[in-house]
*Asks:* 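Shown below is the structure under consideration.
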Amino acid sequence: MKQFNQPRRSDLDGGHQSVSGDCPESGNQNQDIFKAPQACRISQRRKFLQNSLLVAGGLSIFAAFQTKTAQAADADQKPTPLSNPQSFADGNHLERMRVELIQALKKPVAERKWVMVIDQQKCVGCSACTVSCCAENNLPPGVVYRPVPKVETGTFPNVSWVFTPRPCMHCDNPPCVPVCPVKATWKRKDGIVVIDYDICIGCRNCLASCPYNARTADFGEFYGSPTPEIMDYETRPNYEYSEQWRRKPGTEKSPIGNARKCHFCLHRIREGMLPACVTTCLGGATYFGDSTDRNSLVHELAGSNRVRRLKEELGTEPSVYYLV
Amino acid sequence: MNKTQKTIVFIIWLGLALWGLYGVFQRMSHGELLVNYGSYVPWGLWVAGKIYFVGLAIGSSFLVWVIYAFDVKRLRALVRPALLISLVTMIAGLLVISFDLGHMWRLYEVFTRPNFSSLLAIATWLSMLYLLYVAWALITEIASDGKTAGSQYAMGWIGIFFALMFSGANGAEFATLVSNPYWHSALGPILSIGGALLSGVALVLAATALLPAPSTAPVQETLKILSRTVVGLLLFVLLLEWSEYSVAMWYGRDESYRLMSSILFGHYWYVFWIFHILLGSVAPLIVLLWKPTGRLAAAIGGGLVALFYIAVRLNHVIPGFITPAMKGLQEAYTDSRLQFEYFPSANEWAVFAFSVALVIALFYIGYRMLSILPLKSANEGGK
């Protein structure tokens, strides 16, 4: 058995002299490192640390390389038609809807039809969609695109809640469009009812004609108006209809003075993103997509026998379906 | 009127005008921040004011068209004041509705890029055309120096058709909104026409009684004819209202019943019972039937009907908005603009007061400038 020498004082004090040559091979099964002489243990520890650093560094470089490669792959990725929509059957419906949305964007505008499906059995009434909508569109006081009415049903002890998130219905036969005296609102070929803020005269005739109370008017108010200073976040622009709209206190610059409403986050759709209310729905209750795609999730859901639409008797043909 | 009465009237008018000017200044400087209407009750006093003034304009001029078309010589002297009333009330109507717009300086777009499927656009165009037509009629009337010209016969018939179409369009503007069971009624345009004729003729009656004229037999006859016309129109309008309310409320089950009940017995019950029924209908009926030829009675009766017809207009506009489209909507997202109730703000009243003061001022200026003496030629005889 090979004997270890006693370490020199200088090694213990942090001397840089190597003692590795005096140590047994790590593969030596007969040698217990914890029983080894002090100098050898220090040497082994250093070696272990060096190796660990090398491995960690290598892994980091590899990971960085992998990430970059993955990002490059994402950037170059062109969504391909889903040959098997059931591949999303594991529950990642957001990703499925996102891919379907990108697919739909490749089609001409007139060949796609955006619809929303809201599962009332899944909605928990958290109003996260309302909040995200307000944040996405930087909505001022009194303007709301997607409130969530909560109605208690039944009598005690058999009571329950019904939550009915209410975006704009984007009706196929919208009562708000023909009443506009200046053609400031119209239905796009893809089904979204939009408003041109630069044309709207603010007569609120569309508000009066909407059977869902889905339009609100911007009266130029600010949350901070009773205080000495309007906070910066209130004067930041929003990007509705892919334009920059900056509200300024004390002015009547659009969208102040206009009718406003949900537009299915058209500015996000154009960028291949789902509407804000869809991505933030805690219960996964809101679905969005192109109903002309027969393989799409919304097409599938809209075919359910649980489907109903609000005030169908008026003949407005809403593009928002509720699963009851 | 003696000097004291004139001074009192002037002070009242001045108060109205100053208050109104302040309101207009506030509206121009603060935008719509000081109004009480919101997104769930998007129309308020100013929209009611617009249909009120436009109704007065149509009704007062309709009298002229009838005089022209049927050559009613006994009422020939009413033509100028009636046309002047029509002109100034139409101006007030257009003005008050422009204050109601979120972007009032974009009103021109209704003429540059109109959407003729919109009854609001049609009504705005008709308002402007009607204003021009009335102005043209007034100029023609002044040029003819009170004599009936051949062209006025045609003008009368065109005017009758125009007034009925315009008034009907104003009613249809609300009645065609299928989403609202309160307005969506075939009686809407008819009620609009009836209301316009009633309020307009009543205002002409009050003006005829108040304007200086000798208290001779032809004056009394004119007042009698106008008083009877107002009474007849009032009964006709009340009959239409009875039909509207009784049909909606008889079995008391649907949404219309709840809306009508809120008008009759809700927070603002007094608008219907006190202003419309008592002061705007019963009191004038009693006064006009009791003394149809008296100038004071005509002034009070006609004035009450014309003045309190604003209550009918308010009850036509606002109750249409007080029911949420969905249960729970009012509590879903709360804000002062997201309420299903409404009472006009001080600023709204002030702007409305400005419109009233403007009507009075324009009429007075027109009356003085155009030397309109309503009953000067009333003793010409004829029909």
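Numbers restart at 1 for each chain; the letters A, B, ... are given by sequence-line order, proteins then strands.
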*Asks:* Non-hydrogen atoms of chain B under 4.5 Å away: do they reach the side chain of Cys134(A), the backbone, both or neither?
*Replies:*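 Only the side chain of Cys134(A) comes within 4.5 Å of chain B.
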
*Asks:* Just so I understand: if I count every heavy-atom pair under 4.5 Å between each of Gly125(A), Ala184(A), Ala217(A) and chain B, which residue has the most?
*Replies:*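 Result: the option with the highest number of such pairs is Ala217(A).
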
*Asks:* Who among Lys183(A), Lys311(A), Arg166(A), Glu152(A) has the most heavy-atom pairs with chain B under 4.5 Å?
*Replies:*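 Most heavy-atom pairs under 4.5 Å with chain B: Lys183(A).
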
*Asks:* What distance do His30(B) atom NE2 and Glu252(A) atom CD have between them, rounded to the nearest 0.5 Å?
*Replies:*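 Rounded to the nearest 0.5 Å, the NE2-CD separation comes to 11.5 Å.
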
*Asks:* Taking everything shown except Phe25(B) itself, do over 12 heavy atoms lie less than 6.0 Å from its CZ?
*Replies:*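 No, CZ of Phe25(B) has 12 or fewer neighbouring heavy atoms, counting only those of other groups under 6.0 Å.
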
*Asks:* What part of Glu331(B) gets within 4.5 angstrom of chain A, counting heavy atoms only: side chain, backbone, both, or neither?
*Replies:*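 When you check distances to chain A, no heavy atom of Glu331(B) falls under 4.5 Å.
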
*Asks:* Tell me if the OH atom of Tyr257(B) is crowded by more than 12 foreign heavy atoms within 6.0 Å.
*Replies:*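 No.
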
*Asks:* With chain B, which of Gly142(A), Pro181(A), Pro147(A) has the greatest number of heavy-atom pairs at distances under 4.5 Å?
*Replies:*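 Of Gly142(A), Pro181(A), Pro147(A), Pro181(A) has the most heavy-atom pairs under 4.5 Å with chain B.
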
*Asks:* Does Ser209(A) reach the main-chain N or O of Leu177(B) with its side chain, forming a donor-acceptor pair under 3.5 Å?
*Replies:*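 Pair absent, no side-chain N/O of Ser209(A) close to backbone of Leu177(B).
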
*Asks:* If you count heavy-atom pairs under 4.5 Å between each of Ser29(B), Pro42(B), Ser336(B) and chain A, which one has the most?
*Replies:*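 Looking at each of Ser29(B), Pro42(B), Ser336(B) in turn, Pro42(B) comes out on top.
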
*Asks:* For Ser254(A), which atoms come within 4.5 Å of any heavy atom of chain B: side chain, backbone, both, or neither?
*Replies:*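 Both parts, heavy atoms under 4.5 Å.
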
*Asks:* Taking the side chain as every heavy atom from C-beta outward, state whether Asn213(A) and Phe340(B) have any atom pair closer than 4.5 Å.
*Replies:*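 Answer yes - side chains close enough.
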
*Asks:* If you draw a 6.0 Å radius around CH2 in Trp161(A), do more than 12 non-hydrogen atoms from other residues or ligands fall strictly inside?
*Replies:*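 Yes, enclosed.
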
*Asks:* Mind ranking Trp125(B), Phe116(B), Tyr37(B) by heavy-atom pairs under 4.5 Å with chain A and telling me who comes out on top?
*Replies:*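 Greatest number of close heavy-atom pairs with chain A: Tyr37(B).
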
*Asks:* Tell me, yes or no, whether the heavy-atom count around Tyr233(A) atom OH, taken from other residues, nucleotides or ligands under 6.0 Å, exceeds 12.
*Replies:*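 Atom OH in Tyr233(A) is packed in, count exceeds 12.
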
*Asks:* Looking at Cys200(A), Gly220(A), Gly250(A), Ser127(A), which has the largest count of heavy-atom pairs under 4.5 Å with chain B?
*Replies:*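 The option with the most such pairs is Cys200(A).
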
*Asks:* Please report the interatomic distance CG(Leu33(B)) to CZ(Phe222(A)), rounded to the nearest 0.5 Å.
*Replies:*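 One finds 9.0 Å between CG of Leu33(B) and CZ of Phe222(A).
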
*Asks:* Distance from Arg106(B) atom CZ to Asn258(A) atom CG, nearest 0.5 Å?
*Replies:*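 CG of Asn258(A) is found 5.5 Å from CZ of Arg106(B).
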
*Asks:* Kindly determine whether Phe219(A) and Ser39(B) satisfy side chain to side chain contact (heavy atoms under 4.5 Å, CB included), including the steps that lead there.
*Replies:* CA-CA 9 Å; Phe219(A) 286 88; Ser39(B) 291; 4.1 Å; yes

*Asks:* Calculate, to the nearest 0.5 Å, the distance between atoms CG and NE2 belonging to Leu314(A) and His184(B) respectively.
*Replies:*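 Reported to 0.5 Å precision, the distance equals 9.0 Å.
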
*Asks:* Between atom CG of Asn205(A) and atom CG of Asn115(B), what is the distance when rounded to the nearest 0.5 Å?
*Replies:*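 Taking CG in Asn205(A) and CG in Asn115(B), the distance rounds to 10.0 Å.
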
*Asks:* By a 4.5 Å heavy-atom criterion (distance strictly below it), what part of Pro178(A) contacts chain B: side chain, backbone, both, or neither?
*Replies:*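 Its backbone and side chain both get close to chain B.
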
*Asks:* Less than 4.5 Å to any heavy atom of chain B: does that hold for the side chain of Thr164(A), its backbone, both, or neither?
*Replies:*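 Both parts, backbone and side chain.
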
*Asks:* Can you tell me which portion of Tyr197(A) sits under 4.5 Å from chain B's heavy atoms? Options are side chain, backbone, both or neither.
*Replies:*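 Contact with chain B is through the backbone of Tyr197(A) alone.
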
*Asks:* Check the pair Leu207(A) / Trp43(B) against side chain to side chain contact (heavy atoms under 4.5 Å, CB included), numbers first and verdict last.
*Replies:* CA-CA 9 Å; Leu207(A) 274 71; Trp43(B) 290 341; over 6 Å; no

*Asks:* Between Thr130(A) and chain B, with a heavy-atom cut-off of 4.5 Å, which part of the residue counts as in contact: side chain, backbone, both or neither?
*Replies:*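 Answer is side chain: those atoms of Thr130(A) sit under 4.5 Å from chain B.
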
*Asks:* Between Glu221(A), Lys150(A), Arg204(A), which residue shows the highest count of heavy-atom pairs closer than 4.5 Å to chain B?
*Replies:*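 Of the options given, most contacts go to Arg204(A).
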
*Asks:* Given a strict heavy-atom distance threshold of 4.5 Å, which part of Val35(B) is in contact with chain A: side chain, backbone, both, or neither?
*Replies:*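 Side chain only.
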
*Asks:* Which atoms of Val143(A) come close to chain B, meaning under 4.5 Å heavy atom to heavy atom: side chain ones, backbone ones, both, or neither?
*Replies:*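 Backbone only.
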
*Asks:* Which region of Val148(A), side chain (C-beta onward) or backbone (N, CA, C, O), has a non-hydrogen atom less than 4.5 Å from a non-hydrogen atom of chain B, or is it both or neither?
*Replies:*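 Only the backbone of Val148(A) comes within 4.5 Å of chain B.
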
*Asks:* Please report the shortest heavy-atom distance between Cys180(A) and Ser118(B), naming the atom on each side.
*Replies:*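 Distance-wise, the nearest heavy atoms are O-CB, 3.5 Å.
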
*Asks:* Is it the side chain or the backbone of Ile199(A) that comes within 4.5 Å of chain B heavy atoms, both, or neither?
*Replies:*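 Backbone plus side chain of Ile199(A), per the 4.5 Å heavy-atom cut-off to chain B.
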
